[in-house]
Visitor: 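Sharing a structure, written as structure tokens. Questions coming.
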Amino acid sequence: MRHLLLVCSALIATPASAQTIAITGGTVAVGDGSVPIENATVIIRDGRIASVGNNLTIPADAQRIDAKGKWVTPGLFAGFSRLGLSEVEAVEQTNDTIARRSSFSVGIDTADAINPRAKAIAVSRANGITRAVVAPAGGNSIFGGQGVVIDTGDDLNPITKTQALQYVEFGEAGSASAGGSRAASFTYFRNAIAEALDFRRGRERDDLFLKRPDLAALLPVIDGKVPLMVMVDSAVDIHRMLKLKAEFPTIRMILGGVSEGWEVANEIAAAKVPVVVNPMNDLPDRFEALSATQSNAGRMAKAGVSVSFGQIGDFDTLQIRLLPQYAGNMVALNKVPGATAMSWGQALASITSHPAEMMGLGGELGSLKVGRRGDVVLWDGDPLELSSAPVAVWIDGVRQPLGTRQDRLRERYKRPNEGDLPKAYDR
Amino acid sequence: MVRKCALLAVTLALGACAANKEAPKTASTKPAEKVAAVNKDPYPSTYKAYPGQSTVITNVTIYDGEGGRIENGSVFFSDGKITSIGGAMGDSNIPADAITIDGTGKWVTPGIIDVHSHLGDYPSPGVEANSDGNEVTGPVKAEVWAEHSVWPQDPGFSRALANGGVTTLQILPGSANLFGGRSVVIKNVAARTVQGMKFPGAPYGLKMACGENPKRVYGGRNQMPSTRMGNMAVNRSTWAKAVEYKRKLDKGENPARDLAMETLVGVLNGDILVHNHCYRADEMAQVIDMSHEFGYKVSTFHHAVESYKIADLLAKEGICSAMWADWWGFKMESYDAINENIPLVHAAGACAIVHSDDANGIQHLNQEAAKALADGRRAGIAISDEVAWTWLAINPAKALGIDKKTGSLKVGKMADLVLWNGNPLSVYTRPDKVWIDGAMMYDAFDPKKRPVSDFELGQPGEGDVK
């Protein structure tokens with residue numbers, strides 16, 4: 001039965017803590033772009049944000065956490081990553097980011113590959129990342145498959161949302177996987193849609209490019225139930241993507257990469273397409289990124305584009321923890337003449353509420369608003385500052401362990417010389 | 001991603017990036033005529049300091065780069081040199097025509113020195129035609145010189161200057177080979193030629209590489225080395241030849257010129273400094289023994305993610321470690337990288353350096369130092385901000401053999417300095433102005449003081465803030 005193959009995205013309910021927690025007296029940044037609230041309290045009850053503000057009445061049964069002199073934010077939300085898809089990037093057996101030799105493409109489901117015990121998940125959690133978009137990479141096809149949203153909790157159930165997006169590459173990367181020209185990537189794309197629509201109508205064909213799981217997974221994308229994350233960088237390619245969106249108006253598009261987005265920022269804003277960028281990308285490292293600048297994110301935001309930050313490019317399985325540093329750098333541009341900066345609140349929103357909204361989860365995650373899930377980070381200072389680190393992290397109201405394997409190595413080698421027994425006995 | 005090719009040292013992409021084509025034979029690969037005296041500087045620096053104005057920066061916080069800190073201080077430089085430095089300066093010492101800059105709320109530091117860059121030999125755009133960092137046609141290529149690959153029009157140089165405050169950098173060959181070739185130390189000054197950037201009088205370096213990269217590249221072709229023991233065997237055979245070549249030279253014989261041997265003899269004579277890419281502690285220990293076996297010294301282990309495991313040994317040997325703050329896990333030999341590597345090495349009394357190996361990373365080495373410092377403090381390692389700045393200044397200068405000339409704000413040294421618009425260990429701070437040999441090469445407030453490479457002229461984004 002063909003319709004049994006149809007998929008739709010699902011939000012996974014997580015068992016939440018029943019405990020009531022009151023984090024009192026901290027500087028609270030809600031994550032929606034607003035200015036942080038001094039001396040405020042956050043109350044988490046039944047795994048969700050129960051109240052936020054000054055002078056709250058603290059329930060008698062609440063566990064109190066003193067946040068005086070500390071900062072409180074929503075759990076950080078990476079707008080792009082490949083977190084959980086590799087343990088050691090260059091050790092192929094542990095790397096599930098890309099299925100180079102697979103016959104499947106659109107139908108590949110990242111949910112089946114996430115390793116919640118990948119060390120990078122623990123490292124991300126210890127650095128305040130509680131949720132991340134995880135996308136596969138394109139192998140034999142311009143399509144990489146279905147991405148997910150995960151949490152970084154210390155358990156074996158990492159998936160927050162399945163079929164959260166479909167990943168497709170255009171530009172130079174898409175050209176390469178489509179056979180060597182940008183034109184071919186468009187032909188590939190349009191043909192895939194035509195095949196999926198035929199498949200829906202029950203037309204049997206024997207010259208299909210895509211396989212059944214691919215066609216089934218493409219239908220909810222065509223219907224706008226699953227967003228299409230399009231990786232594209234040059235202003236020309238972005239412009240062309242927005243035209244493609246007009247050609248297929250039911251498709252819900254997210255643009256990723258977008259190195260030259262600032263040149264067509266008004267167009268992106270008018271199309272109401274959210275973007276996810278690595279905001280530090282300021283080198284003309286490809287001919288499709290000639291005008292890259294750190295002012296890209298600020299200029300798009302100023303034009304009204306919803307901008308999220310992600311770890312796009314190198315270290316997308318490992319260094320999700322750098323997002324607050326990126327956000328801080330966008331604020332730093334306030335002091336650089338001619339640059340377009342972000343406000344502190346905007347920069348934080350790019351790693352909290354904006355990515356949540358981009359994934360259709362703004363009502364659930366990404367901010368410390370009442371009713372949102374209890375993803376909360378308590379920091380020992382300004383969360384965007386280099387010297388700061390989390391002192392406590394909750395996911396769905398559950399306090400998380402923050403230790404990492406690296407901590408163990410550090411403790412073993414704090415004094416490198418050996419004692420009465422070899423280092424191997426020191427633990 | 002394209003950038004992975006530039007990193008080369010760090011990812012599987014190496015094989016894909018590394019061209020398999022044999023290099024065309026050129027005259028320089030043939031033995032030359034016997035000559036009595038070899039010109040040791042055939043591609044001499046033509047760099048000359050650009051004109052600068054006598055300048056005094058007042059009311060400023062100073063990190064001198066050697067661990068010193070002056071609050072509310074002044075630094076005066078003229079004729080390309082640091083003239084005086086200290087507290088509030090008497091007007092009598094300052095000529096009337098000197099420019100005075102009020103540094104209230106700002107910081108002055110020595111210009112940052114990056115000992116590990118591939119700007120120019122893996123430039124932007126990272127297309128195959130520009131990929132000139134690894135001579136991957138054999139594991140021993142001591143005869144190649146990075147300066148013959150460096151493209152002075154790499155747009156990365158200007159970002160390193162304006163965003164990073166980098167005034168001096170060492171460009172290295174890549175790490176595909178055991179012997180990668182000679183490095184070149186340059187001033188971060190735009191020029192038409194590499195000679196126009198070369199740091200006058202800086203010693204050459206020799207790039208060597210341990211571990212995964214050489215054995216993967218050549219093992220993948222069923223060539224030696226395909227193992228770590230193969231790496232060491234090829235290294236030792238090569239050093240044995242170099243020792244023999246040196247013996248002939250020392251006896252006054254005139255062996256046929258051999259460019260590779262000339263470089264290696266330069267190392268054995270102490271004129272050329274060894275910069276050894278090496279991740280694992282046990283491999284660094286092997287290299288140290290090898291250096292004793294053949295009589296040379298390793299200046300610096302690069303990447304050195306496990307230096308913290310042998311920090312005592314590195315301190316005893318007087319070897320620097322050039323490290324990232326937090327790169328980890330991208331390959332097996334980086335699996336044990338920890339954030340406290342830099343502060344632990346420092347705390348053991350060994351020489352610690354923050355390096356980039358990356359065209360983005362070189363734009364925020366100050367931030368990398370700040371992260372390492374904070375992680376160290378959290379682990380109970382007390383290091384002051386001004387002492388941490390040695391990781392970006394005098395320590396890399398020592399590693400490059402240029403510490404008598406630059407790397408700290410001491411009277412008589414090159415006026416290579418950065419005025420930061422706030423605390424340089426904060427994420428919210430950027431360079432206001434950068435001087436190299438006393439010439440202002442970047443000014444955030446003057447778009448005309450923003451270098452634009454030939455490649456960027458007439459392109460979208462020309463002259464924009466980056």
Side-chain angles (χ1 to χ4, degrees), chain A residues 86-92 95 119-120 123 172-173 235 260 263 280-287 289-295 312-315 317-319 321-322 324-325 328-329 331-340 384-389 406-407 409-410 413-417 423, chain B residues 1-4 6-7 10-12 124-127 155-156 159 163 212 308-313 326-332 335-340 344 348 359-360 363-364 367 370-371 373-375 378-379 421-422 425-430 444-445 447 455-456 459-461 464-466:
Chain A
S86 99
E87 177 70 13
V88 181
E89 282 189 348
V91 175
E92 212 180 326
N95 191 325
K119 303 301 179 292
V123 166
E172 290 181 9
E260 295 188 341
E263 292 194 69
M280 302 298 282
N281 178 7
D282 65 356
L283 287 159
D285 56 355
R286 289 154 292 157
F287 274 90
L290 290 173
S291 73
T293 165
Q294 290 183 28
S295 291
I312 299 175
D314 297 330
F315 303 150
T317 74
L318 293 167
Q319 291 288 57
R321 61 176 167 180
L322 299 181
Q325 184 182 358
N329 272 279
V331 180
L333 297 181
N334 277 302
K335 291 202 281 181
V336 178
T340 309
L384 305 188
E385 186 54 277
L386 302 162
S387 54
S388 304
Q406 274 85 353
D407 294 342
L409 284 161
R410 178 194 66 224
Y413 286 98
K414 253 187 170 169
R415 258 199 277 274
N417 38 318
K423 283 288 176 191
Chain B
M1 301 300 288
V2 172
R3 262 191 295 145
K4 286 208 164 146
L7 287 172
V10 302
T11 71
L12 271 183
S124 296
V127 296
R159 275 80 169 164
N163 295 336
E212 290 182 25
Y308 69 95
K309 295 184 183 179
I310 50 161
D312 52 341
L313 175 61
D326 56 13
W327 286 23
W328 70 290
F330 42 92
K331 59 195 325 200
M332 198 59 219
Y335 196 51
D336 283 4
I338 66 171
N339 286 11
E340 298 82 2
L344 282 172
N360 286 99
Q363 300 179 46
H364 45 79
Q367 297 180 21
K371 286 188 289 184
L373 178 62
D375 285 324
R378 221 169 270 119
N421 65 18
L425 296 175
S426 164
V427 76
Y428 302 124
T429 298
R430 292 294 174 98
F445 293 86
F455 179 73
E456 295 182 276
Q459 303 269 25
D464 195 4
V465 286
K466 294 298 177 186

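So that the names make sense, note that chain A is the first sequence line, chain B the second, and so on, each numbered from 1.
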Visitor: When you compare the side chain of L283(A) with that of S124(B), does any pair of heavy atoms fall below 4.5 Å?
Guide: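 S124(B) reaches L283(A) side chain to side chain.
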Visitor: Before giving the answer on side-chain contact (heavy atoms from CB on, under 4.5 Å), spell out for R286(A) and V127(B) the whole-Å C-alpha distance, their side-chain angles and the decisive distance to 0.1 Å.
Guide: CA-CA 7 Å; R286(A) 289 154 292 157; V127(B) 296; over 6 Å; no
Visitor: What residues form a side-chain contact (heavy atoms from CB on, under 4.5 Å) with V465(B), not counting sequence neighbours?
Guide: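 Counting only residues at least two positions away or on another chain, V465(B) forms a side-chain contact (heavy atoms from CB on, under 4.5 Å) with T293(A), S295(A), R299(A), A339(A), R450(B).
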Visitor: Chain B: which of G338(A), A332(A), P284(A) shares the most heavy-atom pairs with it under 4.5 Å?
Guide: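 The answer is P284(A).
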Visitor: Who are the salt bridge (Lys or Arg N to Asp or Glu O under 4.0 Å) partners of K466(B), not counting sequence neighbours?
Guide: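 Counting only residues at least two positions away or on another chain, K466(B) forms no salt bridge (Lys or Arg N to Asp or Glu O under 4.0 Å).
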Visitor: If you tally heavy-atom pairs under 4.5 Å against chain B, which of T317(A), L290(A), D407(A) wins?
Guide: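 Highest number of heavy-atom pairs under 4.5 Å: L290(A).
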Visitor: Please classify the contact of A235(A) with chain B as side chain, backbone, both or neither, using a heavy-atom distance under 4.5 Å.
Guide: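 When you check distances to chain B, no heavy atom of A235(A) falls under 4.5 Å.
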Visitor: Do any N or O atoms from the side chain of K371(B) and from the backbone of S387(A) form a donor-acceptor pair under 3.5 angstrom?
Guide: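 Here the side-chain-to-backbone pair does not exist.
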Visitor: Quick check: closest heavy atoms across A337(B) and Q406(A), and the distance to 0.1 Å?
Guide: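 Taking every non-hydrogen atom into account, O-CG, 3.1 Å.
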Visitor: Let me know if A120(A) has heavy atoms under 4.5 Å from chain B in its side chain, its backbone, both or neither.
Guide: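 Interface part for A120(A): both.
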Visitor: State, yes or no, whether a side-chain contact exists between V88(A) and F330(B) at a heavy-atom distance under 4.5 Å.
Guide: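 V88(A) does not reach F330(B) side chain to side chain.
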Visitor: Any heavy-atom pair between the side chains of I338(B) and Y413(A) that's under 4.5 Å?
Guide: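 Of all side-chain heavy-atom pairs linking I338(B) with Y413(A), none is under 4.5 Å.
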Visitor: Do you know which of L384(A), V336(A), N417(A), L333(A) has the most heavy-atom pairs under 4.5 Å to chain B?
Guide: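 Option with the greatest count: L384(A).
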Visitor: I need the minimum non-hydrogen distance between G328(A) and Y428(B), along with the two atoms involved.
Guide: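 For G328(A) and Y428(B), the tightest heavy-atom pair comes out as O-CD2, 3.6 Å.
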Visitor: Between K414(A), Q325(A), E260(A), which has the largest tally of heavy atom pairs under 4.5 Å with chain B?
Guide: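 Looking at each of K414(A), Q325(A), E260(A) in turn, Q325(A) comes out on top.
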Visitor: Under a 3.5 Å cutoff, is there a donor and acceptor pairing between the side chains of E87(A) and Y335(B)?
Guide: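 Short answer, yes.
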Visitor: At a heavy-atom distance under 4.5 Å, which candidate from L313(B), D375(B), L373(B), D326(B) has the highest pair count against chain A?
Guide: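 Among L313(B), D375(B), L373(B), D326(B), the one with the most close pairs to chain A is D326(B).
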Visitor: Could you tell me whether R415(A) atom CZ has more than 12 heavy atoms of other residues or ligands within 6.0 Å of it?
Guide: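 No - once you tally the heavy atoms of other residues, nucleotides and ligands closer than 6.0 Å, there are 12 at most.
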Visitor: Which bit of D464(B) is near chain A, if near means a heavy-atom gap under 4.5 Å: side chain, backbone, both or neither?
Guide: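 Contact with chain A: side chain only.
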Visitor: Under a 3.5 Å cutoff, is there a donor and acceptor pairing between the side chains of W328(B) and Q319(A)?
Guide: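 Indeed, the side chains of W328(B) and Q319(A) share at least one donor-acceptor pair under 3.5 Å.
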Visitor: Is it the case that the side chain of R159(B) and the backbone of D282(A) share a donor-acceptor pair, with hydrogens and angles ignored and the cut-off at 3.5 Å?
Guide: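 Yes.
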Visitor: Could you state the interatomic distance from NZ (K335(A)) to OG1 (T429(B)), rounded to the nearest 0.5 Å?
Guide: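 OG1 of T429(B) is found 4.5 Å from NZ of K335(A).
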Visitor: Any side-chain heavy atom of E263(A) sitting closer than 4.5 Å to one from P460(B)?
Guide: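 Contact flag for E263(A)/P460(B) side chains = yes.
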Visitor: Hey, are E385(A) and S426(B) close enough side-chain-wise for a donor-acceptor pair under 3.5 Å?
Guide: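 A donor-acceptor contact under 3.5 Å links the two side chains.
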Visitor: Would you mind telling me which of E456(B), E212(B), E340(B) has the largest number of heavy-atom pairs within less than 4.5 Å of chain A?
Guide: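 Top count of heavy-atom pairs under 4.5 Å with chain A: E340(B).
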Visitor: Could you tell me whether a side-chain N or O of E89(A) sits under 3.5 Å from a main-chain N or O of G329(B), the two making a donor and an acceptor?
Guide: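 The answer is no, because no donor-acceptor pair under 3.5 Å joins these two groups.
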Visitor: Go through the atoms of S388(A) and report whether side chain, backbone, both or neither lie under 4.5 Å from a heavy atom of chain B.
Guide: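 When you check distances to chain B, only backbone atoms of S388(A) fall under 4.5 Å.
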Visitor: Scan Q363(B), H364(B), Q367(B) and name whichever one has a side-chain hydrogen bond (donor to acceptor under 3.5 Å, both in side chains) with N329(A).
Guide: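 Going through the options one by one, the only one that passes is Q367(B).
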